[in-house]
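A short write-up of the structure that comes next.
Every chain is numbered from 1, with letters handed out A, B, ... down the list of sequences.
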Amino acid sequence: MPELPEVEAVCRKLRRTAQGGVIASGHIVRKRITAPQAPEEVEAQAAGRRIERVERRGKNIFLHLAGGLAMHVHPRMTGNLEVIQDARFRPHSTSAWFEFEDGRALLFADSRGLGTLRLTGELPEFGIEPLSRGFTHAAFARLAGESSAPVKLFLMDQSKIAGIGNIYAAEALWRAGVSPFRPADRLSAARLLTLRNELAAVLREGVKSAVAAYAKPGGFNEAEPFQLLVYDREGEPCFRCGAKIRRVAQGGRSTYYCGRCQR
DNA sequence: AACACGACCTGGTAGC
DNA sequence: TGCTACCAGGTCGTGT
């Protein structure tokens with residue numbers, strides 16, 4: 001489920017709740033989430049370690065543990081990390097949990113169970129962070145110029161830009177008035193600048209909205225990311241020109257767009 | 001190299 | 001009400 005803004009909100013909350021916690025014991029419920037690592041190995045290696053720092057890279061969460069090891073969590077579609085007061089009350093969707101010495105627990109809840117959790121000594125390479133200072137017009141234009149893929153697929157390629165998923169790609173393209181099918185390397189400099197700015201803006205708004213939503217108990221399952229202007233609006237009128245929003249499959253995913261004002 | 005597609009899972013819901 | 005079919009904020013491996 002989560003894209004960059006939701007993962008960022010989770011990380012900010014974990015810094016207030018999980019950071020500083022000392023893991024007493026680990027419990028991997030869904031055994032395959034640690035593959036190719038053995039679940040027992042992850043449980044044993046995590047035990048006794050303090051959570052020193054929480055870091056986000058794209059949609060990935062890294063909990064840096066004492067001793068130079070990091071817990072790498074990818075929520076995929078429905079995963080969520082949060083600290084609960086009592087591990088006995090963990091939900092049915094629990095993929096894993098880590099009990100702290102003080103009785104609280106770090107919970108990895110994931111209704112679909114596609115999320116992953118591994119221990120790593122070294123962080124892998126990711127694409128550029130779209131909310132970082134390095135995400136300049138020049139950097140964006142250079143990356144786009146190297147890709148002949150449809151611009152929506154380009155935006156979602158995690159090795160190029162990290163953290164953009166199906167919703168935010170659609171929203172940014174709609175706001176910029178850019179067709180999701182246009183090859184990335186055939187956009188003018190002016191349109192790339194607009195797209196870069198809309199991308200950054202929609203992600204910032206998403207973070208703000210997600211942070212507010214996560215402040216409430218319950219987490220993100222009940223929270224709309226924010227006002228969606230095109231995603232999931234098939235058949236409804238475009239807010240800009242009134243034409244019907246369309247949905248087509250692109251790269252195996254649904255792409256929502258306005259065929260009239262996205263060019 | 002650049003696609004499309006199925007697999008991995010569970011749950012919600014639209015439609016009959 | 002109950003059943004079915006389809007859909008889902010992601011990624012990876014395989015095949016064309």
[X] vs [N]: side-chain N/O to OP1/OP2 distance below 4.0 Å:
X: Arg30(A); N: dC8(B); value: no
X: Lys59(A); N: dG10(C); value: yes
X: Gln158(A); N: dG10(C); value: no

| Is Asp185(A) close to Phe154(A) at the side-chain level, that is, under 4.5 Å between some pair of heavy atoms? | no
| request: Indicate whether the side chain of His92(A) and that of Thr94(A) have a donor and an acceptor atom separated by less than 3.5 Å. | output: no
| query | Does a side chain donor of either Arg30(A) or Ser95(A) reach within less than 3.5 Å of an acceptor in the other side chain? | reply |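 Yes.
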How would you label the contact of [X] with the nucleic acid (heavy atoms, under 4.0 Å): base, sugar-phosphate, or nothing?
X: Gly115(A); answer: nothing
X: Phe126(A); answer: nothing
X: Ala149(A); answer: sugar-phosphate
X: Gly113(A); answer: nothing
X: Ser254(A); answer: sugar-phosphate

| Hey, what's the ring geometry for Phe62(A) with His72(A), parallel, tilted or perpendicular (30° and 60° as the breaks)? |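 Phe62(A) vs His72(A) ring planes: parallel.
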| message | Is the distance from the ring center of Tyr231(A) to that of Tyr168(A) below 6.0 Å? | response |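 Not close enough - the centres of the two rings lie 6.0 Å or further apart.
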[X] [atom1] to [N] [atom2], straight-line distance once rounded to whole Å:
X: Asp157(A); N: dA2(B); atom1: CG; atom2: P; answer: 10 Å
X: Asp110(A); N: dG10(C); atom1: CG; atom2: P; answer: 13 Å
X: Arg247(A); N: dA14(B); atom1: CZ; atom2: P; answer: 13 Å
X: Met156(A); N: dA2(B); atom1: CE; atom2: P; answer: 18 Å
X: Tyr256(A); N: dC7(C); atom1: OH; atom2: P; answer: 9 Å
X: Arg112(A); N: dT10(B); atom1: CZ; atom2: C1'; answer: 7 Å
X: Lys160(A); N: dT11(C); atom1: NZ; atom2: P; answer: 14 Å
X: His74(A); N: dC12(C); atom1: NE2; atom2: P; answer: 8 Å

| Looking only at atom P, what distance separates dC6(C) and dC5(B), rounded to whole Å? |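 Looking at atom P only, dC6(C) and dC5(B) are 15 Å apart.
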| field | Residue matched to dG6(B) through Watson-Crick or wobble contacts both under 3.5 angstrom | value |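 Matched dG6(B) with dC12(C) under the 3.5 Å cut-off.
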| Has the side chain of Arg253(A) got a donor or acceptor atom sitting under 3.5 Å from an opposite partner on the base of dA8(C)? | no
